[in-house]
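Nothing fancy with the numbering, it's 1 onward along the sequence. The figures here come from the full heavy-atom set of this structure, side chains too, leaving out hydrogens, waters and symmetry mates.
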Amino acid sequence: VAPCRPTPLSADTRACGCCLQVLKCKELGRALRIGTNHGSLSARILSYYGDTPRGMVESAFEFAEICRKHDYHNFVFSMKASNPLVMVSAYRLLAEEQYKHGWDYPLHLGVTGTKGFNAWYLACVVPASTVQAGLEIAALLCLKGWC
C-alpha cells in the first residue's frame, strides 16, 4: 500500500459519489482515508449492528470493498470515537477482520474533538493498547492545537 500523500485529495467516503471519488483518487495516485465515526453511523448500519464497534468496522469494510472492486488499494482505515473503550474495541476488531480477509491496510489513529481527561486518555491509551495487541500502525495523534 502506497503511503498517504502530504496533500491528499479531499475524499470523504461518507459523501455521495464514493465510486467517483475512488476512481479520481486512483487516477491521481492519491491516498484515501476511510473514516468511520462512532457518532455518525448510517441508519441502516445502526438498525442492523446497533451503536457498536462491529457497526463501525462493517461500515468501513463496505467502503473498502468499493475500493477493492476498482483495484484501488491506496487507503487507510480510521475509527473515531470519543469513548476510549469503543475506539480500542473498534481498532482491535478492525485488525482481526483484516487478518481474516488476508488484508493488510494501515490504520490511522486520530484523536480529535475531545477535551480534558478523555483527550489525554485517548491520546495515550488507544495507541498503546493497539500496539500492545501486536498491530503495526502509523499513529498520528492530533489533538486540537497539537497538529
Side-chain angles (χ1 to χ4, degrees), residues 1-6 8-19 21-22 25-26 30-147:
V1 174
C4 294
R5 307 285 185 247
L9 178 69
S10 176
D12 187 341
T13 57
R14 291 170 288 170
C16 294
C18 180
C19 288
Q21 291 176 340
V22 167
C25 285
K26 183 177 178 179
R30 302 281 176 91
L32 178 69
R33 179 182 57 85
I34 297 176
T36 303
N37 189 322
H38 181 241
S40 301
L41 296 174
S42 71
R44 185 180 53 76
I45 290 288
L46 285 172
S47 69
Y48 194 79
Y49 297 101
D51 188 14
T52 64
R54 168 63 67 189
M56 294 173 68
V57 171
E58 293 299 327
S59 179
F61 266 48
E62 283 184 5
F63 291 107
E65 289 292 353
I66 292 169
C67 293
R68 292 173 57 84
K69 175 182 166 187
H70 294 287
D71 195 30
Y72 176 75
H73 303 278
N74 192 8
F75 61 88
V76 300
F77 287 111
S78 178
M79 305 276 110
K80 302 278 177 125
S82 59
N83 180 325
L85 296 176
V86 170
M87 194 165 170
V88 169
S89 296
Y91 273 110
R92 286 185 172 172
L93 183 58
L94 177 63
E96 182 182 316
E97 289 300 315
Q98 280 205 80
Y99 181 78
K100 287 179 185 176
H101 283 77
W103 296 1
D104 190 22
Y105 296 106
L107 308 180
H108 168 264
L109 298 181
V111 179
T112 58
T114 189
K115 297 178 182 177
F117 177 75
N118 249 13
W120 288 102
Y121 189 83
L122 283 168
C124 298
V125 173
V126 172
S129 65
T130 51
V131 170
Q132 178 186 7
L135 306 178
E136 294 181 15
I137 58 171
L140 170 63
L141 299 177
C142 186
L143 290 168
K144 275 190 172 165
W146 285 21
C147 299

(request) Give, for atom NE2 of His108 and atom NZ of Lys80, the distance between the pair rounded to the nearest 0.5 Å. (result) 5.5 Å
(message) Checking His101 now: which residues fulfil ring pair (Phe, Tyr, Trp, His ring centres under 6.0 Å) with it, not counting sequence neighbours?
(response) Phe61, Trp103
(message) I need the minimum non-hydrogen distance between Ala81 and His38, along with the two atoms involved.
(response) CB-CB, 3.6 Å
(request) Please examine the side chains of Leu107 and Gln98, heavy atoms only from C-beta on, and report whether any two atoms are closer than 4.5 Å. (result) yes
(request) May I have the step-by-step check of salt bridge (charged side-chain N to carboxylate O under 4.0 Å, His left out) for Glu96 and Lys100, ending in yes or no? (result) CA-CA 6 Å; Glu96 182 182 316; Lys100 287 179 185 176; 3.5 Å; yes
(request) May I have all residue pairs that pass salt bridge (charged side-chain N to carboxylate O under 4.0 Å, His left out) and include part of residues 42-59, sequence neighbours excluded? (result) Arg44-Glu62, Arg54-Glu58, Arg54-Glu97
(message) Going by side chain to side chain contact (heavy atoms under 4.5 Å, CB included), name the residues that satisfy it together with Ala90, two or more places apart in sequence or in a different chain.
(response) Pro53, Met56, Met79
(message) Rounded at 0.5 Å granularity, tell me how far OG in Ser78 sits from OH in Tyr91.
(response) 4.0 Å
(request) Could you list the residues that satisfy side chain to side chain contact (heavy atoms under 4.5 Å, CB included) with Tyr72, not counting sequence neighbours? (result) Val22, Cys25, Lys26, Leu32, Cys67, Asn74, Phe75
(message) Please give me the minimum heavy-atom distance between Thr36 and Leu41, naming the atom from each residue.
(response) CG2-CD2, 3.6 Å
(request) With rounding to the nearest 0.5 Å, note down the distance linking OG in Ser40 to CD1 in Ile45. (result) 13.0 Å
